[in-house]
Each structure stands twice: as structure tokens, then as C-alpha cells.
Amino acid sequence: MRISMLGPLDVRGGNGNGAGVGGTRLRALLILLALEPGRVVASELLIDGIWAQDPPAGAANALQALVPRLRRALPGAVVASHPAGYRLAVEPDAVDVVRFERLASEGRQALARDPAAAAVEPPRLRPRPPTCGPDWPVSSDATTTSPKSPPS
């Protein structure tokens with residue numbers, strides 16, 4: 001599963017198919033859990049993040065009602081319950097924001113160690129689109145592709 005939040009929210013299953021996550025509160029729940037991949041997020045933090053200053057009466061029950069909806073929207077994903085809250089069981093690199101933060105940190109460290117070497121090979125921020133073979137590099141904006149040479 002891949003979760004992209006840099007830009008419009010986009011969720012892709014392991015097969016590359018999109019998963020529709022509709023509704024503001026459901027999307028907020030997904031985003032809050034995805035920002036802490038693999039870690040338990042406290043129910044109180046989720047409630048504050050979803051409803052801000054206007055939580056409903058019985059906010060804990062309202063949160064409990066959202067979780068099964070998120071599980072149905074994300075087939076194959078595990079939204080685990082925990083006494084303190086909920087956890088989205090995905091690898092950190094499956095979330096573009098988390099991957100970006102990691103790569104930016106690594107880049108800053110590499111730049112501090114050896115500026116010339118760090119500038120030679122920039123990190124890949126986005127995975128190669130599944131329809132592209134090894135001869136189809138992703139352009140710098142990662143929205144278009146072009147072949148190295150015409151297909152034979």
C-alpha cells in the first residue's frame with residue numbers, strides 16, 4: 001500500500017489500484033494515522049485532529065464508528081485497535097510525507113559530510129510508475145515519462 005499526501009490524497013493498494021477514501025472525517029483519520037506509520041496514535045489525538053474544537057457528544061464512540069469504515073475503504077490494510085488508540089500497519093516508506101522527511105534528513109546529513117558527493121546523485125522521491133519498464137525513466141517532475149530510445 002502507498003499513501004500519497006504531498007498533493008491530493010491518493011491511496012494505492014499493492015496492485016496499484018486506487019482506494020477511494022471519501023468523506024472529510026474518514027480522510028482526516030487516514031492522514032492522522034499515516035503520519036505515524038506503524039505507531040499507535042492516541043484516541044484523544046485522533047478526536048482532536050478530526051473534530052478540532054467541536055467534538056461530538058460521545059466522540060470516542062464516533063471515532064470507533066469511523067475505524068471500520070476506514071478498514072472497508074482500505075482493503076488489505078490493517079488498522080489495528082489498541083487500548084490507547086489505533087495504528088495503521090504500514091511501512092514508513094509507504095507514506096510519501098514520511099519518506100520525504102527521511103530522504104531530506106539523509107540529504108542534509110550527506111551534504112554536511114561531503115557536499116560534492118551529495119550533489120552527484122539526488123534521491124528518488126517517487127517510485128517508478130508500475131507501467132514503466134527499466135528503459136522508461138521518470139522525469140524530474142515525476143508526472144510524465146519518456147523513453148530513452150524508441151521501443152523496438
Side-chain angles (χ1 to χ4, degrees), residues 1-56 58-113 117-134 136-145:
M1 167 161 293
R2 292 239 174 244
I3 301 170
S4 298
M5 296 184 289
L6 294 174
L9 180 63
D10 184 50
V11 181
R12 302 271 163 189
N15 59 4
N17 291 337
V21 181
T24 304
R25 291 183 182 116
L26 201 59
R27 293 166 76 86
L29 175 59
L30 172 61
I31 290 167
L32 291 166
L33 291 172
L35 287 172
E36 298 291 338
R39 288 184 279 224
V40 174
V41 180
S43 296
E44 294 80 17
L45 291 175
L46 294 171
I47 290 167
D48 287 345
I50 295 168
W51 288 283
Q53 302 302 320
D54 193 24
N61 290 336
L63 176 61
Q64 288 174 347
L66 279 178
V67 171
R69 289 181 47 207
L70 183 60
R71 288 177 177 141
R72 284 191 300 274
L74 302 176
V78 175
V79 180
S81 298
H82 184 275
Y86 295 92
R87 177 178 65 89
L88 181 62
V90 296
E91 292 296 319
D93 272 2
V95 180
D96 67 347
V97 172
V98 176
R99 185 172 57 254
F100 177 84
E101 289 174 344
R102 179 184 58 79
L103 291 172
S105 175
E106 289 173 5
R108 283 189 297 274
Q109 292 170 7
L111 192 58
R113 280 191 309 274
V120 173
E121 185 63 37
R124 285 185 68 93
L125 297 180
R126 293 189 180 193
R128 182 175 305 282
T131 57
C132 295
W136 290 75
V138 177
S139 70
S140 61
D141 69 0
T143 59
T144 59
T145 57

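The first residue in the sequence is number 1, and the count goes up from there.
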### Task
Output, in order, the C-alpha distance, side-chain angles, deciding distance and verdict of side-chain contact (heavy atoms from CB on, under 4.5 Å) for L30 and L26.
CA-CA 6 Å; L30 172 61; L26 201 59; over 6 Å; no
Of the non-hydrogen atoms in [X] and [Y], which two are nearest, and what is the gap between them?
X: M5; Y: D96; result: N-OD1, 2.7 Å
X: I47; Y: A59; result: CG2-CB, 3.7 Å
X: V21; Y: R27; result: O-NH1, 2.8 Å
X: V95; Y: P37; result: CG2-CB, 4.3 Å
X: A34; Y: V98; result: O-CG2, 4.0 Å

### Message
Determine whether Q64 and Y86 satisfy the following criterion, side-chain contact (heavy atoms from CB on, under 4.5 Å), listing intermediate values before the conclusion.
### Response
CA-CA 10 Å; Q64 288 174 347; Y86 295 92; 3.4 Å; yes
Given side chains that start at C-beta, do those of [X] and [Y] come closer than 4.5 Å, heavy atoms only?
X: L35; Y: I31; answer: yes
X: V97; Y: I3; answer: no
X: R102; Y: S105; answer: no
X: L46; Y: L66; answer: no

### Query
For atom CZ of R25, is the number of surrounding heavy atoms from other residues, nucleotides or ligands below 6.0 Å larger than 12?
no
### Query
Counting only heavy atoms not in E106, do more than 12 fall under 6.0 Å of its CD?
yes
Within the side chain of [X], is there an N or O that forms a donor-acceptor pair under 3.5 Å with the backbone of [Y]?
X: D10; Y: S4; answer: no
X: R71; Y: V79; answer: yes
X: R2; Y: D93; answer: yes

